[in-house]
Amino acid sequence: MWCSGCCDGLLIRYVTATTVFMIRDAWLAPAGIESSDHLGPVSASPQYVAEALVYFANLNAEDILFDLGCNDGRVVTTASRLIGLKGVGVEIDSKAAAKAQHTVIKEHLQDRVSIICGNALESDLSTATAVFLYLLPKGMSRLLQKLQAELQPGCKVITYMFRIPDWQAYHQKSEGISSNNPSRMDVSAVSKLHLYCLPQR
């Protein structure tokens with residue numbers, strides 16, 4: 001039988017291990033990429049996050065979802081597959097971008113999903129109606145001016161794990177999420193989505 005002390009110990013070790021891996025991923029940029037261009041964790045968002053954010057942000061088939069730092073493209077491909085929206089993934093690491101493009105082709109989503117191998121700081125965001133960010137706070141801070149200048153009024157910005165610095169006025173809601181797999185630990189206390197909405201100019 002599991003005692004509460006054992007469970008608490010397991011949770012502490014799990015959260016600690018998760019934090020360690022997040023710190024590792026946050027600071028280890030892919031080979032060939034300057035650290036100054038590295039905005040967030042190298043690891044991809046969990047699949048359950050890619051699925052949950054569609055409903056959390058109330059996205060629909062008319063949306064154009066950008067994922068800045070898309071890694072293997074699972075956020076935009078999952079959202080497109082679930083509700084038929086158009087997606088654009090931007091990834092600075094060429095190997096990850098190639099993997100994302102392979103997924104797009106494999107799932108026959110070429111007419112709805114595009115993968116761009118490039119720097120999020122140099123991408124045109126003017127057509128986005130929703131933007132997903134799994135970035136460190138310092139990475140989001142570097143994007144703030146661009147987001148405010150290029151995003152349409154009413155555009156939704158969804159972040160995973162971290163809140164956008166200085167955007168409390170735009171914050172709509174936050175929600176803890178976790179895998180529906182009963183064999184996995186509930187991590188909703190630390191695994192959260194945050195929704196922001198750009199005001200009318």
For this session: Would you give the length of the straight line joining atom NZ of K156 to atom OH of Y196, rounded to the nearest 0.5 angstrom?
Result: 15.5 Å
Problem set entry | side-chain contact (heavy atoms from CB on, under 4.5 Å) between Q168 and R163, worked out | CA-CA 9 Å; Q168 186 57 37; R163 290 176 178 263; 3.7 Å; yes
For this session: Taking the side chain as every heavy atom from C-beta outward, state whether L136 and F162 have any atom pair closer than 4.5 Å.
Result: yes
Exercise. Do T103 and R74 have side-chain heavy atoms sitting under 4.5 Å apart?
Worked result: no
For this session: State, to 0.1 Å, how close G154 and C197 come at their nearest heavy-atom pair, and which atoms those are.
Result: O-SG, 3.6 Å
Exercise. What is the ring orientation for W167 with Y170, classed by angle as parallel under 30°, tilted 30 to 60°, or perpendicular over 60°?
Worked result: perpendicular
Problem set entry | Chi angles and distances behind the side-chain contact (heavy atoms from CB on, under 4.5 Å) call for Q152, L198 | CA-CA 7 Å; Q152 307 173 33; L198 271 291; over 6 Å; no
Exercise. Is there a donor-acceptor pair under 3.5 Å between the side chain of S80 and the backbone N or O of V76?
Worked result: no
Problem set entry | Interatomic distance, S191 atom OG to E175 atom CD [nearest 0.5 angstrom] | 10.5 Å
Problem set entry | Exam field: side chain T129 to backbone I64, donor-acceptor pair closer than 3.5 Å | yes
Exercise. Are I105 and V113 connected in a single hydrophobic cluster, I mean Ile/Leu/Val/Met/Phe/Trp/Tyr linked by side-chain heavy atoms less than 4.5 Å apart?
Worked result: no
Exercise. Below 4.5 Å, heavy atoms only, C-beta onward: do L53 and L59 meet side chain to side chain?
Worked result: yes
Exercise. What are the two closest heavy atoms between C155 and A128, and how far apart are they?
Worked result: SG-O, 3.7 Å
Exercise. Any sub-3.5 Å donor-acceptor pair from H102's side-chain atoms to V104's backbone N or O?
Worked result: no
For this session: For L133 and V157, run side-chain contact (heavy atoms from CB on, under 4.5 Å): C-alpha distance rounded to whole Å, both residues' side-chain angles, the deciding distance at 0.1 Å, then the answer.
Result: CA-CA 8 Å; L133 304 173; V157 180; 3.9 Å; yes
Seminar exercise, completed: Note: L143 and A120 closest approach over all heavy atoms is CD2-O, 4.2 Å
Exercise. Do you know the tightest heavy-atom contact between I115 and C70?
Worked result: CD1-SG, 4.4 Å
Exercise. Any donor and acceptor pair, going by atom type alone, linking the side chain of S174 with main-chain N or O of H194 inside 3.5 Å?
Worked result: no
Exercise. How many angstroms lie between atom CD1 of I164 and atom CG of L195, to the nearest 0.5 angstrom?
Worked result: 9.5 Å
Exercise. Hey, are the side chains of Q148 and K146 touching, using non-hydrogen atoms and a 4.5 Å cut-off?
Worked result: no
Exercise. If you measure from CG on D67 to CD1 on I116, what distance do you get to the nearest 0.5 Å?
Worked result: 11.5 Å
Problem set entry | Within-4.5 Å side-chain heavy-atom neighbours: N60 and L85 | no
For this session: Return yes when atom NZ of K173 has more than 12 non-hydrogen atoms of other residues, nucleotides or ligands closer than 6.0 Å, and no otherwise.
Result: yes
Exercise. Knowing that exactly one of Y48, F56, F132, Y134 qualifies, which makes a ring-ring contact (aromatic ring centres under 6.0 Å, His included) with Y160?
Worked result: Y134
Problem set entry | Expected output: side-chain S178 to main-chain V187 donor-acceptor under 3.5 Å | yes
Problem set entry | E107 versus T77, closest heavy-atom pair with distance | OE1-CB, 4.0 Å
Problem set entry | Nearest atoms (heavy-atom pairs only) where E91 meets G69 | OE1-C, 3.5 Å
Problem set entry | Distance in Å, L193 CG paired with S188 OG, rounded so as to fall on 0.5 Å steps | 11.5 Å
Problem set entry | Separation between CZ of R112 and CD of Q110, rounded to the nearest 0.5 Å | 10.0 Å
For this session: Answer yes or no: is there a donor N or O on one side and an acceptor on the other, between the side chain of D63 and the main chain of L65, under 3.5 Å?
Result: no
